[in-house]
Amino acid sequence: MAFLTIQWENLFDAQLAWESLPFVLQGMTYTISLSFITMGIGLVLGLITAMGRMSERDWLRYPARMYISVIRGTPLLVQLFILYFGLTVIGLTLEPVTAAVIGLSLNVGGYSAETIRGAILAIPKGQWEAAQSINMTHWQSMRRIILPQAVRVALPPLANTFLSLVKDTSLLSVITVPEMLYQAKIIGGRTFDYMTLYLLVALLYWVICTLLNIVHERLEKRFGRYVA
Amino acid sequence: MIEVTGLRKHFGDTEVLRGIDLQVKKGDVHCVIGPSGSGKSTLLRCVNLLEIPTEGTVRIGQERLEFGKGRVKEQAIRALRSKTGMVFQRFHLFPHLTVLQNVMEGPITVKREPRAHVLERAERLLDKVGLAEKKNAFPESLSGGQQQRVAIARALALEPDVLLFDEPTSALDPELVGEVLKTMRSLAEEEQTMVIVTHEMEFARDVADEVLFIDEGRVVEQGPPSRLFTQPSAKRTQQFLAKMLEASR
Ligand SMILES: Nc1ncnc2c1ncn2[C@@H]1O[C@H](COP(=O)(O)OP(=O)(O)OP(=O)(O)O)[C@@H](O)[C@H]1O
Ligand SMILES: [Mg+2]
């Protein structure tokens, strides 16, 4: 049979993989730090946007809706292109990493806003009333009573957002951010062995995501401990 | 202590409260009875301003507010509300906080009292409602009766002038009703001022200084339980009491 005659070392050259590892791991520092930084900024944006989206004031609600709609209705890659290449037309040249931070943060903000809003709305009205009955202000109720409960509801979808984000950082290779895939492409080009490098990168992504999943499960237990 | 006059509440076109007067002296217990949809909950919610009355005045102690004459300030609402404590039919404890934290939350977050001070009071209150040993439990691990007693402690922690109860035992399994009523009885003995919406006629008869029968947003009849339960003068009160008596058989 044909595939038995495949030369496995053409597909994955372990020697090369091992030698390229330090170089690819350098890229991984970008992958990981950009993921955490943009998740952090994105969550803050998402929280603010969710509040705006639920506000009774039109001038807060409409922009929030528009922002969410645009982010969710356009591809991340196109958003990154616009930030990195498009803005030069109006004389704004962003560093690759700057464009990456802005683009990914805005993206996470748009997606997490809907998650956070849904989680807040999922908390029963009785909780607001009980908070009000002990004379909390709207913000005290939100901060002390509603958000802590909403975190539990939002955690699984936010964990998904984060996993997508980690994997989406690979898109940054096209705007020359030296993250994992970018590094792999460089070595691949130099050695004419793309396959080994891509397999190596895939393996590394998979390891990161698996570790993150374990963290997620821990967090879920921690936040859910009050549920009988 | 409490004085409500000419209280009206509209929801859109429907008038739910049609001019209610209520006077409760310090240390008195008033029980409110009446058919479903008559406006009992709305009355309580207007007293602690979870709903803003359309018209009328509410006074508790020195705090007085008049409604229907322009916007009332949030600050004034909160000042009046701070005189009240509310116990809901479905408890509404904060599920992410322990029993002790539930009780301490108001004094610490809202009144900014020193923690040590609040802790001592919270433990005393939990002891009073018979749940001292449950202080580190989360609400969802407790029975309904226990949860409601925590809710009472939570309301008491803010040292309100008046406690408002909205059918505090209606959501409980029958065998758990007694423990909550017992707690409420002991509060009545300590002269805690209370307004209680309830269907527990026996309890009302024993504990209330005054019973109000409400129907269609009006106080149809009111008086001491000894009179209202035995010789109701209004026809509707008689019918309602007869129905309640039948239901309890
Ligand atoms: N937020 C609201 N919006 C519109 N209508 C309301 C609202 N709250 C209460 N109502 C209406 O007001 C009337 C009185 O309600 P309320 O809850 O005060 O009655 P109740 O006497 O407490 O009844 P129950 O014994 O069933 O608890 C009902 O017809 C109800 O549908
Ligand atoms: Mg009611």
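Every chain is numbered from 1, with letters handed out A, B, ... down the list of sequences. All values derive from a computational prediction rather than experimental measurement. Side chains are part of it too, since the values below use all heavy atoms of this structure and drop only hydrogens, waters and symmetry mates.
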Counting only heavy atoms from other residues, nucleotides and ligands, does the tally under 6.0 Å from [atom1] of [X] exceed 12?
{"X": "A:Y30", "atom1": "OH", "answer": "no"}
{"X": "B:Q62", "atom1": "CD", "answer": "no"}
{"X": "A:E95", "atom1": "CD", "answer": "no"}
{"X": "B:E133", "atom1": "CD", "answer": "yes"}
{"X": "B:R115", "atom1": "CZ", "answer": "no"}
{"X": "A:R65", "atom1": "CZ", "answer": "no"}
{"X": "B:K111", "atom1": "NZ", "answer": "yes"}

* Any chance you could measure A:Q132, atom CD, to B:L50, atom CG, to the nearest 0.5 Å? =>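 Atom-to-atom, A:Q132:CD and B:L50:CG are 5.0 Å apart.
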Please check if the side chain of [X] supplies one atom and the backbone of [Y] the other of a donor-acceptor pair under 3.5 Å.
{"X": "B:E105", "Y": "A:I145", "value": "no"}
{"X": "B:H96", "Y": "A:R144", "value": "yes"}
{"X": "B:R78", "Y": "A:N135", "value": "yes"}

* Using non-hydrogen atoms only, which part of A:Q140 is less than 4.5 Å away from chain B: side chain, backbone, both, or neither? ->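 The side chain, not the backbone.
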Of all heavy-atom pairs between [X] and [Y], which one has the smallest distance, and what is that distance?
{"X": "B:L158", "Y": "A:I134", "result": "CD1-CB, 3.5 Å"}
{"X": "A:Q149", "Y": "B:P95", "result": "OE1-CG, 3.1 Å"}
{"X": "A:S133", "Y": "B:N48", "result": "CB-ND2, 4.2 Å"}

* Best-contacting candidate, B:L164, B:L49, B:T84, B:L93, against chain A by heavy atom pairs under 4.5 angstrom ->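 Looking at each of B:L164, B:L49, B:T84, B:L93 in turn, B:L93 comes out on top.
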* Asked: Any idea which of B:R154, B:M86, B:R90 has the most non-hydrogen atom pairs under 4.5 angstrom with chain A?
  ->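 Greatest number of close heavy-atom pairs with chain A: B:R154.
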* To do: Measure B:F88 against the heavy atoms of chain A and call it side chain, backbone, both or neither at under 4.5 Å.
  =>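 The answer is the side chain of B:F88.
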* **Contacting moiety of B:I77, where chain A heavy atoms sit under 4.5 Å** =>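 Neither part.
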